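Letters A, B, ... are given to chains in the order of the sequence lines, protein chains preceding strands, and every chain is numbered from 1. Since we're looking at a predicted model, the values are computed, not measured.
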Amino acid sequence: MPVETWLYFIFGFMILGSIVALEMKDILSAIIAIGVVGLGASIAFLLLQAPDLAIVQFLFEIFALIILVRAFTRKENHVQDPSGMNKFIVGLTVLSLLAILYFSLPVFENLPAFGAPKMTVADFYLQNGAKDTGAANLVASVILDYRAYDTLGEITILFTAILGSLTILRMKNRSKKEGEQE
Amino acid sequence: MKTQNGMTLIVKTVTRITVWIIVLYGFYIILHGHLTPGGGFGGGVIIALALLNVLLAFGRKFTEKWLHIGFLEKLESSSALLILVLALAGIWAGGSFLANFLNTGTLFDLFSAGTLPIYNILIGIKVAMSLFLVVWVLAGLKFEQGEE
């Protein structure tokens with residue numbers, strides 16, 4: 001079977017998983033159903049021959065699942081709000097989404113064929129990557145040499161996010177402790 | 001509360017053995033980042049998950065003593081600083097920011113590809129420490145809210 005068939009199967013499975021996650025009443029079941037989406041994406045990356053991405057996606061999925069389970073299974077106060085669904089708004093949303101899908105169909109006809117990108121920069125990396133950087137893993141040569149600015153940006157984002165969360169969450173803890181002492 | 005003392009003896013014993021295997025696998029992924037799939041990000045997450053395993057199995061007090069959280073924070077910040085220093089060293093030695101100025105060596109060798117393995121190691125430390133610290137802070141917040 002070609003790769004596309006498997007991809008359609010996995011994408012269908014992921015859509016099914018997200019619908020199940022939305023409709024599930026129990027929060028733990030919903031979290032596990034969300035996990036289907038991430039693991040399906042990991043397998044899709046593997047089928048598209050991107051093992052680097054597949055590894056990172058798989059690990060982050062496990063990480064996110066652990067955090068979600070720890071964060072949401074303790075609290076008892078996650079009651080679903082039943083009054084949020086208005087039939088008129090739901091119908092309007094579905095209609096506008098269908099309209100967007102209909103008007104975006106010509107875009108799909110103009111897309112390049114599957115696996116045939118219009119950019120030629122990937123060919124340059126494939127031919128010169130190992131010679132220029134000496135790295136056997138071409139993904140590493142791209143993200144750490146040719147496109148190292150991108151990695152530097154990612155590191156900066158990570159650093160800023162951790163700095164912010166450490167500062168804010170610590171501050172709450174400290175003020176609580178001071179309040180207890182007083 | 002249960003989270004302070006950790007889980008049962010079975011979980012603790014299994015964790016004591018498996019944590020080192022997981023950490024070793026993370027180091028393998030990081031060190032071979034320029035040869036095989038993986039690299040700094042993947043290996044860093046593996047190490048963070050191993051430390052998270054310790055936190056889940058042994059509880060908060062033991063982990064704080066065993067890992068020296070303050071030291072982990074310094075490691076996290078200093079690895080980010082070292083990446084910048086290495087990038088600036090590219091201007092001095094290679095002519096441009098983030099330049100690969102070391103000898104690239106022979107293909108498929110462990111010590112090859114110039115500065116790429118060094119970047120990989122630093123990014124691995126950075127990712128591992130930051131992800132673990134985020135979980136650490138979040139878990140602490142939840143614990144104190146539950147106590148009230």
Side-chain angles (χ1 to χ4, degrees), chain A residues 45-46 49-63 66-67 69-72 74-75 129-141 143-152 154-170 172-173 176-177 180, chain B residues 29 32-46 48-49 52 56 73 76-77 79-80 83-84 87 90 97-100 102-109 112-117 119-120 122-123 126-127 129-131 133-142 144-146 148:
Chain A
F45 285 139
L46 206 58
Q49 300 179 355
D52 283 86
L53 264 179
I55 289 174
V56 175
Q57 171 69 34
F58 182 70
L59 289 165
F60 267 97
E61 192 52 41
I62 297 171
F63 197 78
I66 292 175
I67 291 181
V69 168
R70 283 284 288 189
F72 285 109
R74 281 285 171 79
K75 282 185 186 171
K131 197 175 63 192
D132 281 354
T133 63
N137 183 6
L138 281 174
V139 177
S141 80
I143 64 168
L144 294 174
D145 195 304
Y146 291 117
R147 291 281 178 266
Y149 269 118
D150 191 64
T151 310
L152 195 70
E154 279 177 26
I155 293 291
T156 317
I157 290 169
L158 200 63
F159 182 69
T160 319
I162 273 74
L163 198 71
S165 53
L166 278 178
T167 314
I168 292 169
L169 297 174
R170 278 264 167 86
K172 265 184 188 170
N173 283 4
K176 257 181 207 167
K177 272 175 195 167
E180 280 167 12
Chain B
I29 290 276
H32 289 73
H34 57 294
L35 303 175
T36 54
F41 281 95
V45 183
I46 293 174
L49 283 171
L52 186 59
L56 287 177
E73 281 169 23
E76 192 248 332
S77 312
S79 62
I83 289 171
L84 268 183
F97 192 60
L98 289 159
N100 190 353
L102 289 177
N103 189 11
T104 53
T106 49
L107 204 61
F108 296 109
D109 264 13
S112 67
T115 50
L116 264 63
Y119 278 125
N120 256 336
L122 291 174
I123 290 170
K126 174 95 191 73
V127 171
M129 292 311 130
S130 20
L131 288 181
L133 282 174
V134 161
V135 175
W136 171 263
V137 174
L138 281 175
L141 194 72
K142 286 281 176 291
E144 286 192 1
Q145 274 180 349
E148 279 177 1

Quick check: does any side chain N or O of A:Asp52 sit under 3.5 Å from a backbone N or O of B:Pro37, one acting as donor and the other as acceptor? no
Picking from B:Val45, B:Leu131, B:Ile29, what satisfies side chain to side chain contact (heavy atoms under 4.5 Å, CB included) with A:Leu59? B:Val45
Out of B:Leu52, B:Leu84, B:Thr115, B:Leu122, which one racks up the most heavy-atom pairs below 4.5 Å with chain A? B:Leu52
Give, as side chain, backbone, both or neither, the part of A:Gln57 having an atom under 4.5 angstrom from any heavy atom of chain B. neither
Please look at A:Ile67 and chain B and tell me whether the side chain, the backbone, both or neither of the residue comes under 4.5 angstrom of a heavy atom of that chain. side chain
Top contributor to chain A interface from B:Glu76, B:Lys126, B:Met129 [non-hydrogen pairs under 4.5 Å]: B:Lys126
Name the region of B:Ser77, side chain, backbone, both or neither, that has any atom closer than 4.5 Å to a heavy atom of chain A. both
Relative to chain B, which of A:Asn137, A:Asp145, A:Leu53 shows the most heavy atom pairs under 4.5 Å? A:Asn137
Nearest 0.5 Å, what's the CD1-CG distance between A:Ile66 and B:Leu49? 5.5 Å
Segment of A:Ile55 engaging chain B (4.5 angstrom heavy-atom cut-off): side chain
Side chain / backbone / both / neither for A:Tyr149 at chain B, heavy atoms under 4.5 Å: both
In terms of heavy-atom proximity below 4.5 Å to chain B, should A:Leu152 be classed as side chain, backbone, both, or neither? side chain
So, taking the atom named CG in A:Leu144 and the one named CG in B:Asn120, what distance separates them when rounded to the nearest 0.5 Å? 5.0 Å
Please flag which part of B:Thr36 lies under 4.5 Å from any non-hydrogen atom of chain A: side chain, backbone, both or neither. backbone
Okay, A:Thr156 and chain B: the region with an atom under 4.5 Å from a heavy atom over there is neither
If you tally heavy-atom pairs under 4.5 Å against chain A, which of B:Gly42, B:Gly39, B:Gly38, B:Ala87 wins? B:Gly38
Contacting region of A:Leu163 [heavy-atom separation from chain B under 4.5 Å]: neither
Rounded distance [0.5 Å steps], CD1 in A:Ile162 versus CG in B:Leu133: 8.0 Å
For B:Leu35, is it the side chain, the backbone, both, or neither that has a heavy atom closer than 4.5 Å to a heavy atom of chain A? both
Region of B:Leu116 that comes under 4.5 Å of a non-hydrogen atom in chain A: both
To the closest 0.5 Å, what do you measure between CD1 (A:Ile143) and OH (B:Tyr119)? 12.5 Å
Which distance, rounded to the nearest 0.5 Å, do you find between the CD of B:Glu73 and the CG of A:Leu166? 5.5 Å
